[in-house]
Amino acid sequence: MQDLQQAIDQAIRELFNTELHAELTRTQEQFGDYATNVAMQLAGKTGQPPREAAEALAATLRKSLEGQVRDITIAGPGFINITLGDARLAVMAQAAPGYQPQTFAKQTVVTEYSDPNPFKILHAGHLYTSVVGDAISNLIAAAGGEVHRVNFGGDVGLHVGKTMWAMLQELGGEDVDKLQQIPAERRSEWMAKCYVAGTKAYEEDETAKDAIVTLNKRVYQIFADNDHESPFAHIYWTCRQWSYDYFDEFYARIGTHFEKYYPESEVAPLGLKTVTEQLAKGVYKESDNAVVFEGEPYGLHTRVFINSHGLPTYEAKDVGLIMQKWQDYHFDRSVIITGNDINEYMKVVLKSIEQFAPDLVARTTHFTHGNVKLAGGVKMSSRKGNILRAVDVLEAAHDANKAASGRDDEQAVLGAVKYAFLKQRIGADLIYDPAESVSLEGNSGPYLQYAHARARSILRKAGTTETGITDLDPLERSLARKISEYPEVLDKAVAELLPHLICTYLYELAQAFNRFYEHAKVVGDPREATRLQLVGLYADVLRHGLELLGIVAPEQL
RNA sequence: GCUCCCUUAGCUCAGCGGAUUAGAGCGUCUGUCUUCGGAACAGAAGGUCGUAGGUUCGAAUCCUACAGGGGGCACCA
């Protein structure tokens with residue numbers, strides 16, 4: 001494709017004596033393979049009617065691209081439509097499955113996502129952000145990046161105070177033995193229940209609120225004293241570990257993996273130190289005994305980084321996290337994926353860091369997504385307790401899958417949920433319909449998994465043949481055309497870090513294949529060799545794309 | 001009140017400066033082929049792209065205002 005663009009740029013130089021870069025876009029099959037609107041842009045520059053400019057360009061290109069191109073036509077107000085020669089198209093299709101973008105070559109990239117807090121439960125949003133973060137990480141890795149997946153979570157902070165308070169109520173004091181009696185399978189649930197109770201008490205009961213604030217300080221003190229002995233510290237460390245065990249188990253289940261876990265307690269000191277240093281330099285300011293960053297000059301709002309008790313808030317911890325990531329990786333690019341409720345907050349944090357470390361902020365991208373809602377309109381908030389848990393989503397998908405297929409297949413369920421989450425552009429809220437996601441028909445994960453298995457089955461039946469593709473009949477050409485688009489789709493998905501572009505393409509690819517397969521016999525046909533190769537290329541591209549999405553492409557179902 | 005984001009077929013979403021009919025899935029209706037895995041293919045109905053202006057040769061796509069919905073706005077995360 002690049003050589004086509006260069007040929008057009010060259011023709012523009014020769015004919016019009018001007019530098020203008022031609023953007024080639026894929027066009028509808030009836031018009032050709034690629035289209036460009038440079039003639040209209042040229043018309044704007046030279047005053048020449050666009051169709052005339054287009055005709056002149058087309059005439060030159062027919063010569064310079066001879067052998068590559070079957071047809072170049074002008075249409076509408078001055079679009080130049082290019083139809084590739086079959087041989088050229090075949091070469092492109094054959095290169096598609098092995099294509100590797102170089103967008104992130106030799107770059108160190110840190111991706112941070114999921115970010116659950118110990119002492120709380122994993123909700124549907126964590127599942128969503130994990131799936132999205134994993135896919136984005138895969139895209140970067142596929143484009144040559146050295147990806148480090150990290151996770152951040154609040155093992156200190158008010159929510160811990162809340163949970164600890166309720167746990168102590170439940171245990172009737174700092175009773176380590178009683179804590180140990182809680183069976184392993186009930187631990188995460190118990191802690192989640194305590195968090196909800198603690199939150200309620202904090203809001204409704206002044207005495208409890210004071211106690212929780214005190215406990216919060218005691219938790220920080222555990223770190224200050226490096227306390228692993230006192231009963232209180234023992235309960236804290238034990239429950240923190242229970243949380244990590246629970247997270248690990250869940251990540252293993254959904255097939256994502258983190259190289260490093262940053263607990264807030266680990267980055268808080270660096271955050272506190274950094275903010276304090278920059279307070280002296282005037283980046284942060286004191287206000288009502290707290291340390292704040294005044295966002296108003298930048299069109300943002302003011303936020304507290306160190307509270308009046310001298311404790312770092314989430315803001316300071318995030319400063320510490322970003323500084324810590326920099327110290328650990330010296331990244332070329334840092335990608336943070338979170339929910340969009342944190343949008344304005346993050347702008348303030350990044351703006352404050354920009355004052356003393358602008359290069360770090362320049363390398364940082366904050367992606368945000370919306371909330372997961374169950375079709376039917378259930379919202380969730382872990383503060384209130386009526387949450388949609390991550391396991392609830394998977395369970396709903398399992399139930400729907402059993403109802404639809406009569407089977408209980410974890411890979412199909414994960415493929416369904418992941419695809420349902422990823423097929424939508426990142427940003428807005430996501431309405432998740434379990435029944436639709438596991439559907440075997442339409443734009444779904446199981447449909448694509450099946451499409452892959454079906455193609456593999458054909459290949460198994462036929463055995464392998466490798467002869468190279470020399471010519472294409474119209475049915476084959478349509479499929480080859482779609483396959484040949486993959487590198488361009490991948491480039492765009494990587495450049496913008498948008499996994500849904502892969503989803504859209506894979507579904508269109510599967511449709512193109514079904515159209516082909518409906519009318520073209522493969523095994524036993526005189527054109528078997530060519531067709532088998534196309535089936536193989538199709539299956540390889542499908543598998544490559546699904547794997548980028550974190551979805552298993554089964555050989556058979 | 002200030003601020004950010006969203007609003008495209010009955011539902012869920014693509015499209016994000018270009019072309020005759022604004023696309024897809026689900027749902028609804030109708031056809032095809034005795035199916036190399038039919039979990040298929042072909043077709044119909046369904047949209048003045050929230051509203052009103054503006055910029056442009058050209059706007060669902062950019063700008064402005066308004067309406068409706070959601071998030072954020074100092075010691076929570």
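Throughout, protein chains are lettered first and strands after them, A, B, ... in sequence-line order, and every chain is numbered starting at 1. Reckoned from all heavy atoms, side chains included, excluding hydrogens, waters and symmetry mates.
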**Report entry** Point-to-point distance, once rounded to the nearest 0.5 Å, from CD of Glu488(A) to CG of Leu24(A)
**Finding:** 8.5 Å
Query - Residues His398(A) and Glu410(A): side-chain donor-acceptor under 3.5 angstrom - result: yes
Report task. For the side chain of Val304(A), starting at C-beta, report the closest nucleotide among A74(B), A19(B), A77(B). Result -> A74(B)
Requested in this report: Spell out yes or no: do the side chain of Thr313(A) and the base of A74(B) have one donor N/O and one acceptor N/O closer than 3.5 Å?
Outcome: no
Query raised in the report: Which residues satisfy the side-chain hydrogen bond (donor to acceptor under 3.5 Å, both in side chains) test with Glu476(A), sequence neighbours excluded?
Result: Arg527(A), Arg531(A)
Query raised in the report: Hey, does Glu264(A) reach any base, or is it just sugar-phosphate, or nothing, if we go heavy atoms under 4.0 Å?
Result: sugar-phosphate
Requested in this report: May I ask whether Tyr450(A) stacks on the base of G37(B), given the cut-offs of 5.5 Å between ring centres and 30° between planes?
Outcome: no
Query raised in the report: For atom P, what is the distance between G25(B) and G43(B), given to the nearest Å?
Result: 11 Å
Report task. Provide the distance between the two P atoms, one in G10(B) and one in C4(B), to the nearest whole Å. Result -> 32 Å
**Report entry** Atom-to-atom span, OH of Tyr507(A) to P of A14(B) - whole angstrom
**Finding:** 16 Å
Query raised in the report: Checking all strands, does Ser439(A) fall into the base, sugar-phosphate, or nothing category for heavy-atom contacts under 4.0 angstrom?
Result: nothing
Query raised in the report: Looking across every strand, which nucleic acid part, if any, lies under 4.0 Å from Ala428(A) by heavy atom: base, sugar-phosphate, or nothing?
Result: nothing
Report task. Using a 4.0 Å heavy-atom cut-off across all strands, classify Leu557(A) as base, sugar-phosphate, or nothing. Result -> base
Query raised in the report: Reckon Asp429(A) touches a base, only the sugar-phosphate, or nothing at all at heavy-atom distances under 4.0 Å?
Result: sugar-phosphate
Query raised in the report: Across the strands shown, which category fits His500(A) at heavy-atom distances under 4.0 angstrom: base, sugar-phosphate, nothing?
Result: sugar-phosphate
Query raised in the report: By ring-ring contact (aromatic ring centres under 6.0 Å, His included), which residues pair with His452(A), not counting sequence neighbours?
Result: none
Report task. Quick one: label Thr27(A) by what it contacts on the DNA or RNA (base, sugar-phosphate, nothing), any heavy atom closer than 4.0 Å. Result -> base
Query raised in the report: Does His519(A) place a side-chain N or O at less than 4.0 Å from the phosphate oxygens OP1/OP2 of U32(B)?
Result: no
Requested in this report: Mind listing the closest non-hydrogen atom pair of Gly133(A) and Ile337(A) along with its distance?
Outcome: CA-CD1, 3.6 Å
**Report entry** Ring centroid separation Phe367(A) to Tyr113(A) under 6.0 Å
**Finding:** no
Query - Nearest-neighbour nucleotide for the Asn37(A) side chain, C36(B), G18(B), A77(B) considered - result: G18(B)
Query raised in the report: Can you tell which of C36(B), A77(B), C4(B) lies closest to the side chain of Glu315(A)?
Result: A77(B)
Requested in this report: Provide the distance between the two P atoms, one in C76(B) and one in C13(B), to the nearest whole Å.
Outcome: 35 Å
Report task. Indicate whether any N or O donor in one side chain lies under 3.5 Å from an N or O acceptor in the other, for Thr368(A) and Asn343(A). Result -> yes
**Report entry** Whole-angstrom distance between G58(B) and G17(B), as gauged at atom C1'
**Finding:** 8 Å
Query raised in the report: How would you label the contact of Asn81(A) with the nucleic acid (heavy atoms, under 4.0 Å): base, sugar-phosphate, or nothing?
Result: base
Report task. Would you mind telling me which of Tyr486(A), Phe516(A), Phe513(A), Tyr517(A) makes a ring-ring contact (aromatic ring centres under 6.0 Å, His included) with Tyr538(A)? Result -> Phe513(A)
Query raised in the report: Heavy atoms under 4.0 Å, any strand shown: does Arg460(A) hit a base, just sugar-phosphate, or nothing?
Result: base
Query raised in the report: Within less than 4.0 Å of OP1 or OP2 of C75(B), is there a side-chain N or O belonging to Arg303(A)?
Result: no
Query raised in the report: Which part of the nucleic acid does Ala520(A) contact within heavy-atom distance under 4.0 Å: base, sugar-phosphate only, or nothing?
Result: base
Query raised in the report: Rounded to the Å, how far apart are Glu294(A) CD and C75(B) C1'?
Result: 15 Å
Query raised in the report: Distance between the C1' atoms of C11(B) and G46(B), in whole angstroms?
Result: 12 Å
Report summary line: Taken to the nearest whole Å, CD/Gln28(A) to C1'/U21(B) is 10 Å
Query raised in the report: From G37(B), A19(B), A40(B), pick the nucleotide closest to the side chain of Glu518(A)?
Result: A40(B)
Query raised in the report: Side chain of Lys521(A): nearest nucleotide among C36(B), C16(B), A77(B)?
Result: C36(B)
Query - Separation between the P atoms of U28(B) and C73(B), rounded to whole Å - result: 45 Å
Query raised in the report: Expressed as a whole number of Å, how far does the P atom of U61(B) sit from that of A44(B)?
Result: 28 Å
**Report entry** Upstream residue (5' side of RNA chain B) when Thr302(A) and Arg515(A) are each assigned their closest nucleotide
**Finding:** Arg515(A)
Query raised in the report: How would you label the contact of Ala451(A) with the nucleic acid (heavy atoms, under 4.0 Å): base, sugar-phosphate, or nothing?
Result: nothing
Query raised in the report: Phosphate oxygens OP1/OP2 of A19(B): is one of them under 4.0 Å from a side-chain N or O of Gln30(A)?
Result: no
Query raised in the report: Touch check for Gly154(A), heavy atoms < 4.0 angstrom, all strands: base, sugar-phosphate only, or nothing?
Result: nothing
Query raised in the report: Below 4.0 angstrom from OP1 or OP2 of A14(B), is there any side-chain N or O of Lys423(A)?
Result: no
Report task. Pick the P atom in C49(B) and in A40(B), then give their distance to the nearest Å. Result -> 32 Å
Query raised in the report: If you take all heavy atoms of Val267(A) and Leu321(A), which pair is closest and at what distance?
Result: CB-N, 3.7 Å
Query raised in the report: Pick the nucleotide of RNA chain B nearest each of Arg407(A) and Asn443(A); which residue has the one closer to the 5' end?
Result: Asn443(A)
Query raised in the report: Touch check for Ala35(A), heavy atoms < 4.0 angstrom, all strands: base, sugar-phosphate only, or nothing?
Result: base
Report task. Heavy atoms only: give me the nearest Tyr262(A)-Phe152(A) pair and the separation to one decimal. Result -> O-CD1, 3.2 Å
Query raised in the report: Distance check: side-chain N/O of Arg425(A) vs OP1/OP2 of C16(B), anything under 4.0 Å?
Result: no
Report task. Take atom CZ of Phe421(A) and atom C1' of A14(B), then tell me their distance rounded to the nearest Å. Result -> 19 Å
Query raised in the report: What's the closest nucleotide to the Asp288(A) side chain, out of A74(B), A19(B), C75(B)?
Result: C75(B)
**Report entry** Integer-rounded Å distance: G18(B) P and Tyr34(A) OH
**Finding:** 18 Å
**Report entry** Phe119(A) and Tyr195(A) aromatic centres sub-6.0 Å
**Finding:** no
Requested in this report: Tell me which nucleotide among A19(B), A77(B), C41(B) gets nearest to the side chain of Tyr447(A).
Outcome: C41(B)
Report summary line: Side-chain contact check for Glu344(A): nearest option of G72(B), C36(B), A39(B) is G72(B)
Query - Residue Gln556(A), side-chain heavy atoms: nucleotide from A40(B), G37(B), A74(B) that is nearest - result: G37(B)
**Report entry** Point-to-point distance, once rounded to the nearest 0.5 Å, from NZ of Lys209(A) to CD of Glu206(A)
**Finding:** 5.5 Å
Query raised in the report: What nucleotide among C76(B), C75(B), C36(B) has an atom nearest to a side-chain atom of Leu158(A)?
Result: C76(B)
Report task. Enumerate, in order of first residue number, the stems that involve RNA chain B, defined as 3 or more consecutive Watson-Crick or G-U wobble pairs with both distances under 3.5 Å. Result -> B:1-7 with B:67-73, B:10-13 with B:23-26, B:28-32 with B:40-44, B:50-54 with B:62-66
